[in-house]
Amino acid sequence: MHRLVESTRLARAFFRGTLTTQAYAEGLARLYPVYVTMEGALERALRDSRLQAFHLPAAYRSRAMLADLRFFGVSPEPIRDGASARYVERVRCVVDETPSLLVAHAYVRFMADVSGGIIAGKVARRVLGLRSQEGLAFFAFPDIPDPAAFREGFRRRLDGFPRDEEESRAIVAEANVAFELNRALADELWTEVFDR
């Protein structure tokens with residue numbers, strides 16, 4: 001599934017250096033409500049003691065995204081119809097109905113962000129023609145000095161998450177839903193912003 005998301009036209013354009021600043025900023029704006037919702041959902045879900053191990057504010061991105069959006073002079077997107085709204089709605093349903101499935105959404109976003117943050121940040125700086133780190137806070141993790149240790153710790157938390165067989169299958173299925181929501185958001189952004 002990682003390869004599916006990484007193979008979107010938007011991701012390929014990003015790594016080839018053909019993504020425009022407008023498309024990048026609009027992508028952040030559309031992803032911002034997803035992070036606000038997911039981070040809020042994770043905070044709400046802490047009442048389930050099993051989820052306290054996934055309280056990882058060092059990986060939260062909404063504040064960094066807001067700083068980047070301000071740098072680019074773009075307002076966060078209001079939740080509207082489309083891929084961003086579907087993503088937000090899914091996270092809201094999960095936290096209301098089966099909070100344990102939030103670990104799947106945290107896994108998909110946080111692991112990808114921390115894993116690719118340094119490399120993607122360097123690419124973004126070059127592609128967007130930035131002379132400093134301003135506008136790239138999304139890719140900076142000042143409270144995660146060792147990304148490899150963070151990823152290993154997250155995997156240990158996931159392996160140690162108390163669940164039965166049925167819940168394990170549900171978490172894997174939800175991770176696939178999260179990957180698909182990310183792919184749909186990238187495809188929509190490509191169609192509506194980059195490819196017009």
Side-chain angles (χ1 to χ4, degrees), residues 1-12 14-15 27-28 30-62 64-65 79 82-120 138-139 141 144 146-190:
M1 289 303 286
H2 277 291
R3 287 193 179 130
L4 176 66
V5 174
E6 290 168 358
S7 69
T8 63
R9 291 174 294 178
L10 187 67
R12 288 195 306 266
F14 176 79
F15 285 104
L28 277 181
R30 290 184 185 203
L31 196 53
Y32 176 75
V34 172
Y35 276 85
V36 170
T37 304
M38 186 175 71
E39 292 165 12
L42 286 165
E43 293 297 317
R44 277 181 54 203
L46 291 177
R47 62 183 176 264
D48 181 336
S49 61
R50 297 181 306 156
L51 293 172
Q52 289 175 2
F54 294 92
H55 184 241
L56 301 166
Y60 289 4
R61 300 287 81 208
S62 61
M65 294 171 89
I79 297 174
S84 184
R86 288 190 297 276
Y87 203 151
V88 164
E89 182 57 30
R90 181 61 183 189
V91 172
R92 286 178 176 162
C93 286
V94 164
V95 74
D96 289 341
E97 296 171 10
T98 318
S100 62
L101 297 185
L102 284 172
V103 300
H105 291 274
Y107 173 80
V108 169
R109 286 302 336 168
F110 295 163
M111 291 292 273
D113 295 340
V114 174
S115 295
I118 294 171
I119 293 169
F138 179 76
F139 301 109
F141 293 87
I144 301 178
D146 186 344
F150 174 87
R151 292 190 305 269
E152 182 57 34
F154 195 102
R155 287 187 190 100
R156 278 197 309 273
R157 287 178 177 90
L158 198 53
D159 290 344
F161 185 67
R163 62 200 184 272
D164 59 24
E165 187 74 23
E166 182 180 348
E167 195 171 33
S168 290
R169 284 193 299 271
I171 290 170
V172 170
E174 191 64 25
N176 289 326
V177 169
F179 278 117
E180 178 58 30
L181 290 166
N182 279 282
R183 188 205 53 76
L185 190 56
D187 285 349
E188 180 182 271
L189 183 64
W190 175 273

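One is the number of the first residue; the rest follow in order along the sequence.
- Contact of the Ser100 side chain with the Arg163 side chain is not registered, since no non-hydrogen atoms from C-beta on lie closer than 4.5 Å.
- No donor-acceptor pair under 3.5 Å is formed between the side chain of Glu174 and the backbone N or O of Leu101.
- Remark: Glu39 pairs with no residue by the salt bridge (charged side-chain N to carboxylate O under 4.0 Å, His left out) rule, at least two apart or across chains.
- Here the CD-CG distance, from Glu188 to Leu185, works out to 6.5 Å after rounding to the nearest 0.5 Å.
- Looking at every heavy atom in both residues, Val108 comes nearest to Ala175 through CG2-O, 3.7 Å.
- Atom CG of residue Leu42 and atom NE2 of residue His55 lie 8.5 Å apart, to the nearest 0.5 angstrom.
- Considering only residues two or more places apart in sequence or on other chains, Glu165 meets the salt bridge (charged side-chain N to carboxylate O under 4.0 Å, His left out) condition with Arg169.
- Summarising the geometry, atom CG belonging to Asn176 is positioned 11.0 Å from atom CG belonging to Leu181; distances are rounded to the nearest 0.5 Å.
- Atom-to-atom distance recorded for Arg92:CZ and Asp96:CG is 9.5 Å, nearest 0.5 angstrom.
- Summarising the geometry of Pro99 relative to Val95, their closest heavy-atom pair is CG-O, 3.3 Å, with the distance given to 0.1 Å.
- The salt bridge (Lys or Arg N to Asp or Glu O under 4.0 Å) analysis of residues 103-112, with sequence neighbours excluded, yields the pairs Arg109-Asp113.
- Considering only heavy atoms from C-beta on, Leu28 stays 4.5 Å or farther from Tyr35 through its side chain.
- Without hydrogens or angle criteria, Thr98 side chain to Val94 main chain gives no donor-acceptor distance under 3.5 Å.
- Counting only heavy atoms from C-beta outward, the side chains of Arg50 and Glu167 approach each other to under 4.5 Å.
- When all heavy atoms of Val36 and Ser62 are compared, the pair lying nearest together is CG2-CB, 3.9 Å.
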Listing, residues 148-159 side-chain donor-acceptor contacts under 3.5 Å, not counting sequence neighbours, or none:
from	atom 1	to	atom 2	distance (Å)
Arg157	NE	Ala53	O	2.7
Arg157	NH1	Gly153	O	3.4

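- Glu43 meets the salt bridge (charged side-chain N to carboxylate O under 4.0 Å, His left out) test with no other residue; sequence neighbours excluded.
- Aromatic rings of Phe110 and Phe54 (six-membered ring for Trp) have centroids beyond the 6.0 Å cut-off, not under it.
- Residues Thr37 and Tyr87 fail the side-chain proximity criterion, which asks for heavy atoms closer than 4.5 Å.
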Output, in order, the C-alpha distance, side-chain angles, deciding distance and verdict of side chain to side chain contact (heavy atoms under 4.5 Å, CB included) for Phe161 and Leu51. CA-CA 8 Å; Phe161 185 67; Leu51 293 172; 3.8 Å; yes
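- Annotation: side chain of Val91 is in contact with side chain of Leu102 (closest heavy-atom distance under 4.5 Å).
- For the pair Phe141 and Arg61, the minimum side-chain heavy-atom distance is below 4.5 Å.
- One finds the OG atom of Ser84 at 12.0 Å from the CD atom of Glu89 (value rounded to the nearest 0.5 Å).
- Asp164 meets the salt bridge (charged side-chain N to carboxylate O under 4.0 Å, His left out) test with no other residue; sequence neighbours excluded.
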